[in-house]
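Because the structure is a prediction, the values reported are computed rather than measured.
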Amino acid sequence: MKLTTKPINISFRSASREDLDQILAIEVRAYSQPWSLKKFADSYDNPSIKIQLILLNGQIKGYLLTQLSIEFIDILNICIDPEFQQQGLGKKLLDDLLEQQEKTVVKSIFLEVRVSNVVAINFYQNYGFKLLDTRKKYYSNLEDAKILRLQIN
């Protein structure tokens, strides 16, 4: 019996204000301490923050919030709908981010990740991020954060 595969239709676009409820729904499904709608709305209203969506067959399956500084990007939040995790969508979001930065002066990408989120830490390190330091009691529940950096230029 021959296996058949369905074509995967992945696309990217910038978020609109109307997408914030769907983004929040994914956030709530994925995290025990999710961002609030207000935090997403405040981020959306900040001109230095970009919210990039990944869509599968036209449906939002994840997002990436980044803040651009002069020579680096800070990843503020990245999330893939739990039903679609472990399918390469997070890597595709990061690949898209890197592709957009190819001709810019950005030299590094930084992020913080909970020390307890071993799956995410391994994902980022496998992607090429290097561990820089630990921020003590960084999160609201006083959990430490690992600071990671990806050198891109």
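- Residue-environment remark: CD1 (I70) stays at or below the threshold of 12 foreign heavy atoms within 6.0 Å.
- Under the ring pair (Phe, Tyr, Trp, His ring centres under 6.0 Å) criterion, F40 pairs with W35, Y63, not counting sequence neighbours.
- No donor-acceptor pair under 3.5 Å is formed between the side chain of S69 and the backbone N or O of E71.
- Going from atom CD1 of I51 over to atom CG of D19 covers 8.5 Å, rounded to the nearest 0.5 Å.
- Atom CG of D74 sits about 13.0 Å away from atom CZ of R149, to the nearest 0.5 Å.
- Counting heavy-atom neighbours within 6.0 Å of Q86 CD, excluding the residue itself, gives a total of 12 or less.
- At a threshold of 4.5 Å between non-hydrogen side-chain atoms, the residues I60 and I26 count as touching.
- Nearest heavy-atom pair across A15 and Y44 is O-CE1, 3.4 Å.
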Steps toward side-chain contact (heavy atoms from CB on, under 4.5 Å) verdict (L111, L76)
CA-CA 7 Å; L111 61 85; L76 304 176; over 6 Å; no
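- Applying the ring pair (Phe, Tyr, Trp, His ring centres under 6.0 Å) test to pairs two or more places apart or on separate chains, none has a residue in residues 76-101.
- Of the N and O atoms on the side chains of S116 and E143, at least one donor lies less than 3.5 Å from an acceptor on the other residue.
- Residues A30 and P82 come closest through the heavy atom pair CA-CG, 3.6 Å.
- A heavy-atom distance below 4.5 Å is not found between the side chains of N9 and L55.
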Is there a side-chain contact (heavy atoms from CB on, under 4.5 Å) between K50 and L65? Walk through the geometry before answering.
CA-CA 6 Å; K50 180 178 181 184; L65 279 85; over 6 Å; no
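- Among pairs with a residue in residues 100-131, those fulfilling ring pair (Phe, Tyr, Trp, His ring centres under 6.0 Å) read F72-F110, Y124-F129, at least two apart in sequence or across chains.
- Side-chain atoms of N46 and S43 include no donor-acceptor pair closer than 3.5 Å.
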Quick one, K146 with E112, criterion side-chain contact (heavy atoms from CB on, under 4.5 Å). Give me CA distance, side-chain angles, the key distance, then yes/no.
CA-CA 5 Å; K146 296 288 185 186; E112 290 89 14; over 6 Å; no
Does the pair I147 and L131 meet the rule for a side-chain contact (heavy atoms from CB on, under 4.5 Å), with working shown?
CA-CA 6 Å; I147 304 168; L131 178 62; 5.8 Å; no
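- Within the 3.5 Å criterion, the main-chain N or O of N122 finds a donor-acceptor partner in the side chain of N126.
- Side-chain atoms of D81 and Q85 form no donor-acceptor pair, as typed in the model, at a separation below 3.5 Å.
- The distance from atom CG of L89 to atom NZ of K61, rounded to the nearest 0.5 Å, is 9.5 Å.
- At a threshold of 4.5 Å between non-hydrogen side-chain atoms, the residues T66 and Q52 do not count as touching.
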